[in-house]
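One structure below.
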Amino acid sequence: METQLPDDFRCPISLEIMSDPVILPSGHTFDRVSIQRWLDSGHRTCPITKLPLPEHPCLIPNHALRSLISNYTLVSPSKLQPCPQPQILISSLTSQSSHVGTKLNSLTHLVRLTKHDSGFRRKLTELGAAPGVLKCVGSDDPSLQEKALSLLLNLSLDDDNKVGLVAEGAINRVIKVLRFGSPDCRAIAATIITSLAVVEVNKATIGAYPDAIQALVWLLISGKGREIKEAATALYAICSFADNRRRAIDCGAVPILISLLDSGLERAIEVLGLLVKCKEGREEMMKVNGCVKVLVSVLRNGSSRGVQYGLFTLNCLCTCCERLCFEAINEGVVEICMGLMEEENEKIRRYTSSLVQTLRENHAFG
């Protein structure tokens with residue numbers, strides 16, 4: 001059964017009725033599961049206002065809203081509507097006689113049902129939903145394509161589905177969306193790449209597609225806001241596989257990422273932290289004027305995670321280039337490192353110590 005309740009009862013992230021509403025320091029309310037997942041992914045901004053949050057934001061239970069939702073459900077049984085059987089919904093996606101409106105309605109039902117129910121997600125794939133969903137992903141109708149992508153993303157959340165979806169041809173469909181879809185569709189498509197890349201074997205498979213990494217790098221150049229962030233996240237996911245790092249470098253990712261980092265996209269330093277692990281990545285970074293200045297800026301102004309990746313990346317570069325050591329010194333990295341030695345974060349202290357040692361070994365300072 002699916003309950004038709006006021007939109008204010010829905011979580012802004014999952015769009016599902018909240019079962020445990022909590023309030024962020026920003027004043028906005030989210031379902032606890034959704035906002036916790038957002039925070040666990042490393043985000044430290046409010047999803048709605050985009051304003052920064054504390055390192056460990058307090059989640060305050062919204063008892064009033066929870067009570068309202070509970071009471072509304074109890075007194076409004078007439079608002080309950082039966083949901084069609086999954087097989088009927090799936091059939092409408094592949095039927096030649098189904099209109100766009102019918103398919104859109106079916107996809108809407110399926111997106112809601114698969115959002116948090118892993119058992120239902122597995123049931124759909126067992127019923128053969130993937131071909132119908134992918135067919136809608138290839139639709140020329142933006143609304144239908146976006147809803148189909150949302151369903152594909154939900155199906156990809158289960159590890160048991162990830163390899164199967166790739167085998168069904170999901171990557172080709174997603175790459176096409178990355179190139180030609182609407183901004184919202186491109187962002188979801190990049191998120192799907194990230195989700196599918198959780199399984200190790202998929203990292204290699206995705207990277208082997210001729211246009212996959214190229215499309216993500218292109219999105220870094222041509223996209224805006226959420227598209228760029230999701231493309232960078234997808235690159236981070238697939239570049240944990242070593243061969244994909246070289247592919248990303250060959251596609252020109254390094255100067256683009258440094259430029260985005262300079263513009264405030266901290267996610268870029270995480271990708272650079274992977275690319276710097278290979279010789280080709282270090283060589284490309286050394287060619288970019290102002291690279292060290294941008295990295296030092298991350299150490300000065302970045303989040304805890306950003307500082308970790310910034311220290312690691314800068315240390316890798318300074319280890320193999322004396323010139324960059326002196327550039328880092330001139331940008332004030334020693335003073336920054338002295339302050340970071342007192343950090344509570346053990347990784348930051350360890351990476352700071354390694355960078356200082358590298359600078360000393362290269363005689364950059366005494």
Side-chain angles (χ1 to χ4, degrees), residues 41 93 114 118 121-122 124-139 145-146 148-181 185-221 223 227-254 256-257 267-268 270-281:
S41 298
L93 302 181
T114 56
S118 59
R121 291 195 287 263
R122 286 192 292 272
L124 278 189
T125 54
E126 290 168 2
L127 290 172
V133 177
L134 291 175
K135 183 177 181 181
C136 292
V137 168
S139 170
Q145 185 178 71
E146 183 175 348
L149 284 164
S150 296
L151 178 53
L152 182 60
L153 176 59
N154 286 357
L155 293 177
S156 75
L157 295 176
D158 277 28
D159 288 354
D160 291 342
N161 289 341
K162 296 180 191 294
V163 175
L165 289 172
V166 171
E168 290 277 3
I171 302 304
N172 273 330
R173 296 284 190 178
V174 169
I175 291 172
K176 187 174 180 181
V177 175
L178 288 172
R179 286 288 194 181
F180 305 110
C185 286
R186 290 199 295 259
I188 299 172
T191 307
I192 290 171
I193 294 287
T194 302
S195 178
L196 294 174
V198 168
V199 177
E200 285 299 315
V201 67
N202 279 353
K203 299 181 197 291
T205 305
I206 294 169
Y209 275 81
D211 299 326
I213 292 177
Q214 188 176 59
L216 289 171
V217 173
W218 176 82
L219 194 55
L220 291 178
I221 302 171
E227 300 167 79
I228 296 175
K229 187 173 183 179
E230 295 299 342
T233 302
L235 275 176
Y236 177 78
I238 62 179
C239 283
S240 61
F241 180 68
D243 288 353
N244 289 339
R245 296 169 195 162
R246 296 181 181 86
R247 290 166 179 151
I249 293 161
D250 290 342
C251 289
V254 168
I256 298 165
L257 288 165
R267 186 60 53 84
E270 299 177 19
V271 188
L272 290 168
L274 292 176
L275 302 186
V276 78
K277 292 181 178 181
C278 64
K279 178 185 176 184
E280 295 86 349

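Keep in mind the model is a prediction, meaning the values are calculated, not measured.
- Shown here are the side chain to side chain donor-acceptor pair (under 3.5 Å) partners of Ser150, two or more places apart in sequence or in another chain: there are none.
- For Lys176, the side chain to side chain contact (heavy atoms under 4.5 Å, CB included) criterion is met by Phe180, not counting sequence neighbours.
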Side-chain donor-acceptor contacts of residues 239-246 below 3.5 Å, not counting sequence neighbours, with atom names and distances?
residue: Ser240; atom: OG; partner: Lys203; partner atom: NZ; Å: 3.2
residue: Ser240; atom: OG; partner: Ala237; partner atom: O; Å: 3.0
residue: Asn244; atom: OD1; partner: Arg247; partner atom: NH1; Å: 2.7
residue: Asn244; atom: ND2; partner: Lys203; partner atom: O; Å: 2.9
residue: Asn244; atom: ND2; partner: Ile238; partner atom: O; Å: 2.8
residue: Arg245; atom: NE; partner: Cys239; partner atom: O; Å: 2.8
residue: Arg245; atom: NH2; partner: Ser240; partner atom: O; Å: 3.3

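- Looking only at side-chain heavy atoms (C-beta outward), Leu257 and Val217 stay at 4.5 Å or farther from each other.
- In this structure, the side chains of Ile228 and Leu219 stay at 4.5 Å or more apart for every pair of heavy atoms.
- With sequence neighbours excluded, the residues forming a side chain to side chain donor-acceptor pair (under 3.5 Å) with Glu227 are Arg186, listed by chain and number.
- Counting only residues at least two apart or on different chains, no salt bridge (Lys or Arg N to Asp or Glu O under 4.0 Å) pair has a member in residues 128-139.
- Residues that satisfy the side chain to side chain donor-acceptor pair (under 3.5 Å) test with Thr205, not counting sequence neighbours, are absent from this structure.
- Not counting sequence neighbours, the partners of Ile221 by the side chain to side chain contact (heavy atoms under 4.5 Å, CB included) test are Ile256.
- At a threshold of 4.5 Å between non-hydrogen side-chain atoms, the residues Leu149 and Leu153 do not count as touching.
- A heavy-atom distance below 4.5 Å is found between the side chains of Ile249 and Cys278.
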### Task
Decide yes or no on side chain to side chain contact (heavy atoms under 4.5 Å, CB included) for Leu235 and Leu220, but give the supporting numbers first.
CA-CA 10 Å; Leu235 275 176; Leu220 291 178; 3.6 Å; yes
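- Partners of Arg122 by salt bridge (charged side-chain N to carboxylate O under 4.0 Å, His left out), not counting sequence neighbours, listed by chain and number: Asp158.
- Checked against side chain to side chain donor-acceptor pair (under 3.5 Å), Glu146 has no partners two or more places apart in sequence or in another chain.
- Looking only at distances, a side-chain donor or acceptor of Thr191 sits under 3.5 Å from a matching main-chain atom of Ala187.
- Closest non-hydrogen pair, Asn202 versus Ala197, comes out as CB-CA, 4.5 Å.
- For the pair Leu274 and Tyr236, the tightest heavy-atom approach, listed with the atom from each and the gap, is CD1-O, 3.3 Å.
- The shortest heavy-atom contact between Ala130 and Leu165 is CB-CD2, 4.0 Å.
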Exercise answer: donor-acceptor pairs, residues 166-175 side-chain atoms, under 3.5 Å, sequence neighbours excluded:
residue: Arg173; atom: NE; partner: Leu134; partner atom: O; Å: 3.4

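- No side-chain donor-acceptor contact under 3.5 Å links Ser156 to the backbone of Lys162.
- With sequence neighbours excluded, no residue satisfies salt bridge (charged side-chain N to carboxylate O under 4.0 Å, His left out) with Glu230.
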